[in-house]
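Here's the structure, in structure tokens; my notes come after.
Remember, it's 1-based here, ligands and their atoms both numbered in the order they're listed.
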Amino acid sequence: MTNSTVSSPFPTTVVTGGTIGSIVVGCKLQVLHGQPPEYRKAEILSIRPTATADDPARSEYYVHYSDYNKRLDEWVAPERLNLLGEIEYPKVKKPKTVLAGVGKETGKGSEPGTPSGRVSKNNRKSNLSKAATTGKGAETASTPGASGSNKRKAAAMEEDSASQEQGTGMNGTTPTIQVQGEEDEDEEMANGESVSQEQILDENGDVFSKEQEIEKLRTSGSMTQNPHEVARVKNLNMIQIGKHEVETWYFSPYPVEYAYLPTLYICEFCLSYFPAVKQLSRHRLKCTLQHPPGNEIYRKDDISFFEIDGRKQKVYCRNLCLLSKLFLDHKTLYYDVDPFLFYVMTQRDEDGAHLIGYFSKEKESSEQYNVACILTMPQYQRMGFGRLLIAFSYELSKVEKRLGSPEKPLSDLGLLSYRAFWAETIVSLLVEQQKAGIELSIDDIANRTAFQPQDVLHTLQNLNALKYYHGQYVIVLSDTVIKNAERAAKKKRREVDPKALVWKPIHFTATQLRFL
Ligand code: ACO
Ligand code: ZN
């Protein structure tokens, strides 16, 4: 199967009405979306043939809805394209400079929008689209303080999207999934054991070597700069994990043999992945895990946290990164997990400790980041678990006697969650201290919460709580802010209980921190 790489023959870019045969990668037109269906402007990112006996030329179209988050991107049938309306054709392919300009459009991927997905749809409320109109989400792409490495990465992303525009995306081949016979062959397709755990393949089937990856990790913090990582076309649509069927949001570099499956089956305890439910069932007969590997460092009610060293549990941590990449667009690490610790949050029942979410943390962060990547599995989102993960990350920082901050850039959802957490924590601290007649400075707040002063300052600015008075800045909370905080405090939420944390920071020696 090949992608459409043909440039438009049209001398002009916008035409009213066109034929299905004229639609090429890069065209922008109205596409039916949602329930009830409505037309939204979308860009064709890829085309793949889906020939039928009646219609041998039939294709499917992978579209990105303009001004919506990339997680809404999807394959659509030709009937959903409005061929009677305006169609914007891409300019005839020319030198690189033109392509680089086109590539910038990937920036749209980080704009907020309503989420897709069977699971997530139910869990998300309208605040996100509100953020879109107020432009809050746009900050994710240009968060101040984003490191030079991020800028380099952005450049790589632009280059990459330019190449994707030319149709060199991952749709070039549809791998044949060989659902293998019995026992032994079975394991060959099982991720955790033999296939591609040491060699991550990109969407073109090329091996991304450990050496290349390590070099990139050395020079770019926790984020890989594998340009293919920011592939524009999703390779998986659905995963089944535990009792949940979850629609995926973004590309994740699972080995190419697993792409295009209707569903990827994941063992919820060891995170190995399988192309068929039968293989997962057989694996479950042998897999003895009922909780993540590593030390349980926190237990309160049915919630536990496990600390997992990327160096000691490579396969599990890589599988976790592959899984989380399905829901994280802008950054992730997925190959060299050695320099990270993973804090996995689970909920316990009679079947075991089920994965709810996690965050990763660099063993040594030169920028004082206390979280690298953070994720709540979509089926558990908007239930307060993200808040619990964030609160936990700061509890660890308090024990370490350090001030921490999440790695930048944040995603749209990350920004919303952190902002809400920072604001709530700071306001309730200030109100409580005010009642006791104690005044707090920004540094005092930082020291009590383990937030970095920058985050305290930005939060107070967002709350409009910094007033210039008699030649100096003072913190003043408005009645509305206090009422909102009181309302939020009344919500029944799980809190982290510091007494349930049994943990000492691990100090790694230089040798332990060396990449091997
Ligand atoms: N719309 C509006 N507000 C939201 C949304 C949303 N979709 N999601 C979270 N919030 C805000 C709300 O204020 C919410 O409080 P409320 O529910 O009382 O209104 C608050 O954040 C906390 O919500 P939680 O339910 O505790 O958070 P959740 O479990 O959904 O997890 C997380 C948040 C981790 C960001 C999740 O959305 C996620 O995993 N997203 C995909 C991966 C991602 O983007 N991770 C962050 C990347 S940045 C980084 O890694 C450093
Ligand atoms: Zn397993």
Side-chain angles (χ1 to χ4, degrees), residues 69-71 110 112-115 117 119-132 136-137 140 143 190-193 222-223 241-242 248-250 265-274 279-293 315-316 319 323-333 345 352 356-361 369-393 404-424 484 487-494:
N69 190 288
K70 234 169 108 174
R71 56 184 165 262
S110 51
T114 43
V119 176
S120 50
K121 257 179 210 154
N122 303 335
N123 291 332
R124 305 274 179 70
K125 309 269 163 60
S126 56
N127 300 16
L128 257 187
S129 23
K130 206 157 105 198
K136 278 183 197 164
T140 55
T143 311
N191 65 336
E193 284 84 15
S222 72
M223 288 180 266
I241 179 161
T248 63
W249 297 357
Y250 307 115
Y265 297 87
I266 297 179
C267 171
E268 63 169 325
F269 296 114
C270 72
L271 308 183
S272 296
Y273 39 89
F274 301 88
Q279 286 165 301
L280 172 64
S281 311
R282 273 207 293 260
H283 164 82
R284 282 303 304 153
L285 294 176
K286 286 184 270 175
C287 175
T288 51
L289 272 185
Q290 280 185 309
H291 56 74
V315 173
Y316 178 87
N319 286 344
L323 175 63
S324 72
K325 178 65 194 74
L326 292 169
F327 310 104
L328 270 161
D329 184 33
H330 63 308
K331 62 173 184 174
T332 195
L333 83 145
M345 183 170 72
I356 304 239
Y358 86 102
F359 63 88
S360 55
K361 175 169 174 162
Y369 292 137
N370 65 351
V371 164
C373 288
I374 185 164
L375 170 85
T376 301
M377 289 296 290
Q379 65 271 28
Y380 295 108
Q381 284 177 12
R382 287 317 290 275
M383 298 179 188
F385 287 118
R387 195 176 174 279
L388 204 59
L389 283 166
I390 295 172
F392 192 81
S393 71
S405 188
E407 192 177 283
K408 313 299 179 306
L410 298 171
S411 66
D412 54 354
L413 295 173
L415 185 69
L416 284 167
S417 307
Y418 267 97
R419 274 198 173 159
F421 180 75
W422 286 329
E424 236 175 77
N484 286 347
R487 206 176 313 129
K490 278 190 196 134
K491 283 190 193 169
K492 219 174 151 254
R493 284 192 170 129
R494 293 168 196 270

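At a 4.0 Å cut-off, at least one heavy atom of Lys491 sits close enough to ligand 1 to count as contact. Between Met377 and ligand 1 there is no heavy-atom distance shorter than 4.0 Å. By the 4.0 Å heavy-atom criterion, Tyr418 is excluded from the residues contacting ligand 1.
Taking each of Thr376, Ile356, Leu326 in turn, the one with a heavy atom nearest to atom 34 (C) of ligand 1 proves to be Thr376. Of the candidates Gly386, Ser393, Gly384, the one placing a heavy atom closest to atom 25 (O) of ligand 1 is Gly384. Of the candidates Asn370, Leu389, Val371, Ile374, the one placing a heavy atom closest to atom 50 (O) of ligand 1 is Ile374. Counting only non-hydrogen atoms, the option in Lys325, Lys408, Glu424, Arg493 that gets closest to atom 15 (O) of ligand 1 is Arg493.
Listed by number with element, the atoms of ligand 1 under 4.0 angstrom from any heavy atom of Arg387 are 26 (O). Near Ala420, meaning under 4.0 Å from one of its heavy atoms, ligand 1 places the atoms 13 (O). Contact atoms of ligand 1 toward Ala372: 49 (C), 50 (O), 51 (C) (distance under 4.0 Å to a heavy atom of the residue). Using a 4.0 Å cut-off to heavy atoms of Phe327, the atoms of ligand 1 that qualify are 41 (C), 42 (C). Below 4.0 Å from some heavy atom of Phe385 lie the following atoms of ligand 1, by number and element: 26 (O), 29 (O). Set against the non-hydrogen atoms of Leu410, the atoms of ligand 1 under 4.0 Å away are 48 (S), 51 (C). Residue Gln381 has at least one heavy-atom neighbour below 4.0 Å for each of these atoms of ligand 1: 29 (O), 30 (O), 36 (C), 37 (O), 38 (C), 39 (O), 40 (N). Every atom of ligand 1 is numbered from 1 in the order shown, and the set under 4.0 Å from a heavy atom of Cys373 is 50 (O).
Contact annotation: for Arg71 versus ligand 1, there are no heavy atoms closer than 4.0 Å. Within the 4.0 Å heavy-atom criterion, the part of Trp249 lying near ligand 1 is the side chain and not the backbone. With a 4.0 Å cut-off on non-hydrogen atoms, Met383 touches ligand 1 through its backbone and not its side chain. Contacts with ligand 1 closer than 4.0 Å are made by side-chain heavy atoms of Leu328 only, the backbone lying farther away. With a heavy-atom cut-off of 4.0 Å, Ser411 touches ligand 1 through backbone and side chain alike.
Ionic pairing of Lys491 and Glu424 is not present here: no N-O contact between side-chain nitrogen and carboxylate oxygen is shorter than 4.0 angstrom.
Heavy-atom minimum distance, Ser324 versus Leu375: CB-CD2, 3.7 Å. Listed here is the closest heavy atom pair of Phe327 and Trp249: O-CE3, 3.5 Å. Considering all non-hydrogen atoms of both residues, Cys267 and Arg284 come closest at SG-NH1, 3.3 Å. Of all the heavy atoms in Thr376 and Gln381, the pair that sits closest is O-NE2, 2.8 Å. Here the closest heavy-atom approach between residue Tyr418 and residue Ser393 is recorded as OH-OG, 4.4 Å. Counting all heavy atoms, side chain and backbone alike, Tyr316 lies closest to Phe269 at CE1-O, 3.3 Å.
Ring geometry for His283 versus Phe274: interplanar angle of 30 to 60°, hence tilted.
With a 4.5 Å cut-off on side-chain heavy atoms, Tyr250 and Lys70 count as touching. You'll find the side chain of Ile241 reaches within 4.5 Å of the side chain of Met377, heavy atoms only. Using a 4.5 Å cut-off on side-chain heavy atoms (C-beta onward), Arg71 and Asp412 make contact. A 4.5 Å side-chain heavy-atom check between Cys373 and Leu328 finds at least one atom pair inside the cut-off.
Note: no N/O pair closer than 3.5 Å links Glu407 and ligand 1 by distance alone.
Around the Zn ion (ligand 2), the angle linking His283 (NE2) with Cys267 (SG) is 110°, rounded to 10 degrees.
A side-chain donor-acceptor contact under 3.5 Å links Lys408 to the backbone of Pro406.
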